[in-house]
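Both counts, for ligands and for their atoms, begin at 1 and track the order of listing. The figures here come from the full heavy-atom set of this structure, side chains too, leaving out hydrogens, waters and symmetry mates.
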Amino acid sequence: MSLNLRTSAPLRGECRLAGDKSLSHRVALLAALAEGESRIENFLDAGVTRAMLDALAALGVEWELEKDVLLLQGKGPGGLRPPGEALHCGNSGTTLRLLAGALAGANVPCVLDGSPGLRTRPMDRIVKPLQAMGVPIEAARGGTAPLSLSRRPNGVPLDAISITLPVASAQVKSAILFAALGADGTTTIKEPGPSRDHSERLLKAMGVGIMRDANNLRVTLDPPAGPMRPLRLRLPGDFSSGAFLICAALLIPRSDIVIRDIGLNPTRTGLIDALIAMGAAIDSQITGESYGEPIGDLRVQASKLHGTRIDGPLVVRMIDEFPIFAIVAAMADGLSVVADAEELRFKESDRIAVLSKELKGIGVDIEEMPDGFRIRGRRKLKGGVSVKSHGDHRLGMAFCIASLIADEPILLEDAEIIDQSFPEFSRHLEELGAQVLV
Ligand code: S3P
């Protein structure tokens, strides 16, 4: 399936987005570990969250997803049954890493596997800490999936650990926290940067003893004495999906859009800070909160932008937004530099290498660095080409936004990849005024 987006008019209007991907993964998994029925509105129905729900079904969890409402019968950690086959996590690192931690804590033996792309991504980062907690888990050669988790003797808790992570990663942190639910004593995790804290906020709301320092760099968890409370909540819209609409509105002259009820957790919204530093007209209003997650509205107006530098903790707070940020940097005036971002090499693609190679094809002056890239903005993009996503949904969507503003259309050949995280991507853009050519 290919996708070709254009626009001759500004983007205008309002939209509400499907639920946050990171939260959808976590609420499904934590609801399964809780006891009783959970009801989650605005659950994201997409490729990666289906991988999580299918895995939960294989573990004996009953759920139904009607429209965007997920009803899930929590089994409690002791109620999950070992699956008959390997749990297939598709292309989703979050599914695999979060499940590995939770199933280690719940003592459910299984094999966790995924797509050829997922099998290339580093899993040692969760395997080593879990082993340090006494989890009998092994990775394939090279520290990759499949992972084999064995059963440990009944009634033997895991060891609580105190660990400093070498890289800031919410997936690793969450895997350890979920395993620590089955540990004996207090687990402490320190991180070099403020990775997203959805797991902490949800666990706290479910009655688990979680403490954090003010900078979000240290978290402790005390395992609950009894069962966790089921969830009843409505998820905020996905900020990382909204990022594509935000950037499109900034770049298409005279655009003016409002995105309502979007997640505005500060560990996720680094892109807003980066864009405002570039001169973007973005107004953000927090309107409420759900299970500790701030929710609000964003108004975005087309703006003339200049280059910026992104490094340090800001990289962590906008870790998924670099493909679309690169398009914005190409359309800004002057130099933009991304540094301290080696982690981008371990996402759905090596985003540093792939962006540096592919963006040259659409006329971007980009230079690859070991830990990031440099873009000299030229305020124009050259279209008239067909591109592939390299198995990376966010790269695919970034190319589609580039097509909206390039001198000629850019055709994304494998557009089905977008359904992994944002199935309503082109519908929202169309409703805001873009045209879908194919
Ligand atoms: C995620 C954490 C991030 C992010 C991913 C989702 C999560 O990965 O890139 O898309 O839901 O925990 P890392 O935590 O490994 O940086």
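- Between the side chain of Ser2 and the backbone N or O of Glu413, no donor-acceptor pair lies under 3.5 Å.
- For the residue pair Gln171 and Thr94, a side-chain donor N or O sits within less than 3.5 Å of a side-chain acceptor on the partner.
- For Arg299, the side-chain contact (heavy atoms from CB on, under 4.5 Å) test picks out Asp256, Val258, Asp283, Gln301, with sequence neighbours left out.
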Under 3.5 Å, sequence neighbours excluded: what are the donor-acceptor pairs made by side chains of residues 206-213?
{"from": "Arg212", "atom 1": "NH1", "to": "Asp197", "atom 2": "OD2", "distance (Å)": "2.5"}
{"from": "Arg212", "atom 1": "NH1", "to": "Asn216", "atom 2": "OD1", "distance (Å)": "3.1"}
{"from": "Asp213", "atom 1": "OD1", "to": "Asn216", "atom 2": "N", "distance (Å)": "2.9"}
{"from": "Asp213", "atom 1": "OD1", "to": "Leu217", "atom 2": "N", "distance (Å)": "2.8"}
{"from": "Asp213", "atom 1": "OD1", "to": "Arg218", "atom 2": "N", "distance (Å)": "3.2"}

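- Under the 6.0 Å distance and 45° angle rule, Arg351 does not count as a cation-pi partner of Phe346.
- Listed as neighbours of ligand 1 are Lys21, Ser22, Arg26, Thr94, Ser169, Ala170, Gln171, Arg196, Ile319, Asp320, Lys347, each bearing a heavy atom under 4.0 Å from the ligand.
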Ignoring hydrogens and angles, write down the donor-acceptor pairs under 3.5 Å from the side chains of residues 54-76, residues two or more places apart or on other chains.
{"from": "Trp63", "atom 1": "NE1", "to": "Leu53", "atom 2": "O", "distance (Å)": "2.9"}
{"from": "Gln73", "atom 1": "NE2", "to": "Glu37", "atom 2": "OE1", "distance (Å)": "2.9"}
{"from": "Lys75", "atom 1": "NZ", "to": "Gly60", "atom 2": "O", "distance (Å)": "3.3"}

